[in-house]
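In what follows, a structure is listed as structure tokens, so that the remarks can point back to it.
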Amino acid sequence: MARALIVVARERQQTVELRRLAATYLRFLESAVRADGLAHNRMNADGEWSDNPAMGDWWGRLLWALGTIAAQRGDPWTRARALRTFRIAARERSTSLRTLAYAALGAAEIVRVRADDHIARTLLREYIRAMPDLPDPSWQWPERRLGYGNASIAEALIAAGSALDDLAATTQGLQMLDFLLSVEMSDDRFSVTGTAGRGPGEKGPSFDQQPLELAALADACATAHAVTGDPVWLPPIALAWRWFTGLNDSGTIMFDAETGAGFDGLEPGGRNENRGAESTLAALSTYQQALRHGLLTAP
């Protein structure tokens with residue numbers, strides 16, 4: 001729901017249907033948050049929460065989505081609801097760098113339009129402080145191995161540094177993103193880290209490659225371009241979308257143009273034919289970024 005709300009909110013041509021969907025997604029996220037800031041992740045078919053509230057990645061993505069809505073132009077009541085729920089959830093803190101990165105992306109959205117928001121600014125400062133030093137010049141990454149959604153970690157640092165006028169943080173985030181692009185690209189195409197992760201010195205294609213990685217890379221490069229104005233960050237956005245259209249390690253199309261669905265994973269000899277929500281939203285998000293930056297033509 002959080003992923004879907006971000007994609008719907010980013011769509012420039014809002015329709016009645018998109019606004020209806022956004023309202024549904026926002027209600028879901030509001031109901032997921034407890035008064036102590038913990039959040040549910042799973043609801044059963046009867047509309048009842050089936051898990052114990054906690055602080056996994058869903059908590060971070062929830063804050064990301066709420067921050068995106070709170071920073072939008074539009075209905076003041078909707079923005080106020082999103083901001084209120086953001087502030088409740090932001091009472092907690094995750095110890096996971098990746099989860100905190102998702103939350104920081106939402107906080108940066110709020111600070112962009114509410115520069116004095118203490119809660120959002122505090123979250124951003126804590127994310128910057130949580131970033132470890134990078135002493136190895138050959139591995140400019142805060143984890144010993146690349147995992148999943150990697151580019152979001154760098155994007156959040158860029159966004160946090162920009163929002164707080166912290167040049168050192170912004171610079172480090174840009175360096176991390178540049179390093180990630182050097183690792184995730186091969187022969188002028190993306191060859192992203194697969195589900196097993198990737199560590200120093202590991203070469204060659206890595207499978208199964210997830211659409212989430214390309215969406216995160218496109219988002220991060222879009223943020224880097226917005227912060228720096230440097231056009232060097234635009235070509236990777238186009239390449240991220242081209243991964244979906246077949247410019248990848250298996251030469252396989254990963255987006256169903258007829259249905260709008262994204263396929264779940266790139267395999268050595270093809271693809272996982274399942275078309276889940278995460279993969280579909282990742283494809284749509286990547287397409288949005290490419291279209292927004294004039295890197296393809298609208299159908």
Side-chain angles (χ1 to χ4, degrees), residues 1-11 21-22 25-33 37-41 54-72 78-79 81-114 117 119-128 130-131 147-164 173 177 211-224 226-227 277-278 281-282 284-286 288-289:
M1 291 293 180
R3 300 171 200 259
L5 182 54
I6 292 169
V7 168
V8 167
R10 286 177 176 175
E11 187 58 37
L21 288 172
Y25 301 149
L26 179 57
R27 285 196 302 270
F28 184 97
L29 298 184
E30 286 176 313
S31 67
V33 179
L38 299 179
H40 288 284
N41 185 38
M55 296 188 66
D57 282 354
W58 61 90
W59 173 87
R61 288 188 177 277
L62 177 146
L63 284 167
W64 184 1
L66 292 172
T68 299
I69 294 299
Q72 276 200 320
T78 299
R79 297 201 313 269
R81 286 168 52 197
L83 183 61
R84 174 182 176 276
T85 308
F86 178 96
R87 288 172 170 167
I88 294 172
R91 294 172 183 172
E92 289 288 345
R93 284 294 184 274
S94 173
T95 57
S96 163
L97 187 64
R98 186 172 276 94
T99 300
L100 196 56
Y102 296 142
L105 288 169
E109 288 289 321
I110 292 174
V111 173
R112 181 172 57 82
V113 297
R114 300 173 64 95
D117 192 289
I119 293 175
R121 291 180 70 89
T122 298
L123 195 155
L124 293 177
R125 285 194 294 268
E126 291 180 4
Y127 178 67
I128 292 173
M131 190 65 56
Y148 61 92
N150 298 294
S152 293
I153 296 175
E155 181 191 4
L157 190 56
I158 298 167
S162 176
L164 299 181
L177 180 56
L212 167 65
E213 304 305 320
L214 287 306
L217 283 162
D219 279 355
C221 288
T223 295
V227 167
E278 177 184 294
L281 289 165
L284 292 173
S285 176
T286 307
Q288 279 181 320
Q289 292 289 17

Does a side-chain heavy-atom distance below 4.5 Å link Leu83 with Asp117?
yes
Quick check: do Asp219 and Arg10 have side-chain heavy atoms less than 4.5 Å from each other?
yes
inquiry  = side chain to side chain contact (heavy atoms under 4.5 Å, CB included), that's the test. Do Ile69 and Leu29 meet it? Break it down for me.
reply    = CA-CA 12 Å; Ile69 294 299; Leu29 298 184; over 6 Å; no
Polar side-chain atom of Gln72 near backbone of Ala9 as donor-acceptor pair, under 3.5 Å
yes
Subject >> Side-chain touch Met1/Leu62, heavy atoms, less than 4.5 angstrom >> reply: no
Scanning both residues in full, the closest heavy-atom pair of Thr286 with Ala218 reads CG2-CB, 4.1 Å
Discussion item. Would you say Arg125 and Thr122 are linked by a side-chain donor-acceptor pair, where the criterion is simply a distance under 3.5 Å?
Written reply: yes
When rounded to the nearest 0.5 Å, the distance separating CG of Leu157 from OG1 of Thr223 is 12.0 Å
Shortest non-hydrogen pair, Ala215 vs Ala282, comes out as CB-O, 3.6 Å
Next on the checklist: Between Arg27 and Glu30, does the salt bridge (Lys or Arg N to Asp or Glu O under 4.0 Å) criterion hold? Intermediate values first, please.
Outcome noted: CA-CA 5 Å; Arg27 285 196 302 270; Glu30 286 176 313; over 6 Å; no
key: Working for side chain to side chain contact (heavy atoms under 4.5 Å, CB included), residues Arg93 and Leu123   = CA-CA 8 Å; Arg93 284 294 184 274; Leu123 195 155; 3.7 Å; yes
Distance col, row Glu155:CD vs Ile158:CD1, nearest 0.5 angstrom, shows 7.0 Å
| message | Between Leu164 and Tyr127, is there a side-chain heavy-atom distance shorter than 4.5 Å? | response | no
Does the Trp59 side chain pair with the main chain of Ala89, one donor and one acceptor, at a distance under 3.5 Å? yes
Separation between CG (Asn41) and CH2 (Trp58), nearest 0.5 Å, reads 5.0 Å
The ring-ring contact (aromatic ring centres under 6.0 Å, His included) partners of Phe28 (sequence neighbours excluded) come to Trp49
Residues at least two apart in sequence or cross-chain that pass side-chain hydrogen bond (donor to acceptor under 3.5 Å, both in side chains) with Glu92, listed by chain then number, are none
Taking it one step at a time, do Arg84 and Arg87 satisfy side chain to side chain contact (heavy atoms under 4.5 Å, CB included)? CA-CA 5 Å; Arg84 174 182 176 276; Arg87 288 172 170 167; 6.0 Å; no
Review point. Hey, does Thr99 have a side-chain heavy atom less than 4.5 Å from the side chain of Met55?
Key: no
- Do the side chain of Trp64 and the main chain of Ala2 share a donor and acceptor less than 3.5 angstrom apart? no
Between Ala82 and Ala70, the two heavy atoms sitting closest are CB-N, 3.9 Å
Scanning both residues in full, the closest heavy-atom pair of Leu63 with Ala90 reads CD2-N, 4.0 Å
Closest non-hydrogen atoms of Ala103 and Phe86, given as atom of the first, atom of the second and distance, are O-CE1, 4.5 Å
Output for pair (Ser152 OG, Leu100 CG), nearest 0.5 Å, gives 12.5 Å
Taken to the nearest 0.5 Å, the spacing of Gln288 CD from Ile6 CD1 works out to 10.5 Å
Close side-chain approach of Arg3 and Leu212, heavy atoms under 4.5 Å:
yes
Value for CG (Leu26) from OG1 (Thr85), rounded to nearest 0.5 Å, stands at 6.5 Å
Here the pair of heavy atoms bringing Ala101 nearest to Ala156 is O-CB, 3.4 Å
Quick one: do Arg98 and Asn150 satisfy side chain to side chain contact (heavy atoms under 4.5 Å, CB included)? Show the steps, please. CA-CA 8 Å; Arg98 186 172 276 94; Asn150 298 294; 3.3 Å; yes
